[in-house]
2 protein chains.
Amino acid sequence: MGISERKERQKAELREHILHVARDMVMKEGFDALSMRKLAEAVEYAPATLYLHFENRDAIARELCVRGFQELLAVLEPAAAVADPVERLSRLTEAYLAFGLKQPETYRLIFMEDPRLSAALFQDQQDGAGPKSFAVLLRVFEDLEAAGRTPDAIPPARLAEVFWAGLHGIVSLKLTCSGFTGAPAEVLGQTLVATLLRPPALRAKPARRPR
Amino acid sequence: MGISERKERQKAELREHILHVARDMVMKEGFDALSMRKLAEAVEYAPATLYLHFENRDAIARELCVRGFQELLAVLEPAAAVADPVERLSRLTEAYLAFGLKQPETYRLIFMEDPRLSAALFQDQQDGAGPKSFAVLLRVFEDLEAAGRTPDAIPPARLAEVFWAGLHGIVSLKLTCSGFTGAPAEVLGQTLVATLLRPPALRAKPARRPR
DNA sequence: GTCTATAGGCTGATAGAC
DNA sequence: GTCTATCAGCCTATAGAC
């Protein structure tokens, strides 16, 4: 069975290679510039060959979208592991913004291009990559609430949504309205963090106002 | 001179008509679906005729973008005129979100499509439509600061940027990741407002903690 | 499994007749 | 000012030879 295994392996390798080259093209020229013809030329195969490995162009787009999202998740992971929720929130912010600005075309593909692509990430209500990563954000605000650091009477889930919308807004405005925005993304990010946190209780001077 | 005036007027009317039909097409099918051929067919002229009124497709896109932005401004205007800055902030939020959700394709065209289009709105640093409308947001936070309702030590300009990013994030996530977000846009908007405001000083009970 | 060849579209833009 | 006709190019996808 060695021969057929090798063939399978080689087929999988070619598939990976195609995806890798496609990813490079998207990163350099944007998703719209990715055509089957150009991709075929770049991988030095005939256009028809691509269809042996992918059903159509959309299938490639979906795969790139999923992988891009996984990259984002990987970038967030170290930040998500920080114990202190305040520090964690700040680190998540940095990591998210850095990813969006360093990989603009990947970010566009994931979150700004085709609703069908993005929607797919959030379809499996329980198990999809989207909900899973949202859980990371949710946990920060649950931990913050437990520490008494969230604004009163706002549920963590809603804070997490506003937080994500804020991050996404910062990234996408920078990507699309570059001409405008004044402060750097990192500064806006830390401002966002500041507005979502309630100032810590002043335990250092408890005498000042107990109860 | 009546005849040439009439001709000029008719030419301008046709130009308006073309733009109007183009706008409808964008609203219904999105900007990518707008082609010179389809547009020509829709206005019942030959494709070549369009080029007598517009240099090329990009010129139409620019015009639609500018007009879409003016529509957004018009929608914000009543809210911007409210005297009380807290109420004004809330009303601006409602108006902005309503516009984005009711005119998704217009919103996409303005802020999510081509960076060159959006950048154009913010080019004239002093006088462009973009900076002008940002001034509206800036003024709210200046007024809020004067009323002691902004979080400490954050300049109004930065709060205005974070506010706008938040609004844009809410709209664009709803437009692109519709599958996901939990709370309705209006709720997220009011949460955003709440996080950007400092609770009012308790003047009702001044004895509680003067100074 | 890979190719060539091609079907069957679409696109923006223009030359030149009327 | 408007048309017809067309250039020159792009695209996805597939049939069928090797």
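Lettering follows sequence order; numbering is per chain, from 1. The analysis underlying the following values was restricted to heavy atoms, covering all of them including side chains, and did not include hydrogens, waters or symmetry mates.
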A:Asp32 CG to C:dT11 C1': how many Å, rounded?
14 Å
Of the nucleotides D:dG1, C:dT11, C:dT2, which one has an atom closest to the side chain of B:Lys11?
D:dG1
Can you find a pair of side-chain heavy atoms, one from A:Arg62 and one from A:Val66, that are under 4.5 Å apart?
no
Considering non-hydrogen atoms only, spot the tightest contact between B:Leu101 and B:Ala185 and give its length.
CD1-CB, 3.5 Å
Quiz item: A:Arg37 side-chain donor-acceptor pair to D:dT12 base, under 3.5 Å:
yes
Return the value, rounded to whole Å, for the distance between atom CZ of B:Phe54 and atom C1' of C:dT14.
18 Å
What is the distance from CG of A:Leu52 to P of D:dA13, rounded to the nearest Å?
13 Å
Separation of D:dC11 atom P from A:Leu34 atom CG, nearest Å, is 10 Å
Which nucleotide sits closest to the side chain of B:Met36: C:dG1, C:dG12, D:dT2?
C:dG12
Heavy-atom nearest nucleotide on DNA chain C for A:Tyr45 versus B:Asp58: which residue maps closer to 5'?
A:Tyr45
Nearest-Å distance, CD1 (B:Ile60) to P (C:dA13)?
9 Å
In B:Gln10, B:His20, B:His53, B:Glu63, the residue satisfying side chain to side chain donor-acceptor pair (under 3.5 Å) with B:Arg15 is B:Glu63
What is the distance from CZ of A:Arg57 to C1' of D:dC10, rounded to the nearest Å?
12 Å
With nearest nucleotide decided by heavy atoms, which residue, A:Ala48 or A:Lys38, maps closer to the 5′ end of DNA chain D?
A:Lys38
Begin from the C-alpha positions of A:Phe99 and A:Glu71 and carry the test side-chain contact (heavy atoms from CB on, under 4.5 Å) through to its verdict.
CA-CA 9 Å; A:Phe99 178 85; A:Glu71 279 181 64; 3.9 Å; yes
Going by atom types only, do A:Gln190 and A:Ser90 share a side-chain donor-acceptor pair under 3.5 Å?
yes
Quick one: which of D:dT2, D:dT12, C:dC3 gets closest to the side chain of A:Thr49?
C:dC3
Hey, does B:Leu14 reach any base, or is it just sugar-phosphate, or nothing, if we go heavy atoms under 4.0 Å?
sugar-phosphate
Nearest-Å distance for atom pair CG/P, residues B:Asn56 and D:dG9
19 Å
For atom CD of B:Gln10 and atom P of D:dG1, their distance in whole Å
10 Å
Just N and O in the side chain of A:His53: are any of them under 4.0 Å from OP1 or OP2 of C:dG1?
no
So if I take every side-chain heavy atom of B:Tyr51 and compare against D:dC3, C:dA13, D:dA13, which nucleotide ends up nearest?
C:dA13
A:Leu50 near the nucleic acid: base, sugar-phosphate alone, or nothing, with a heavy-atom cut-off under 4.0 Å?
nothing
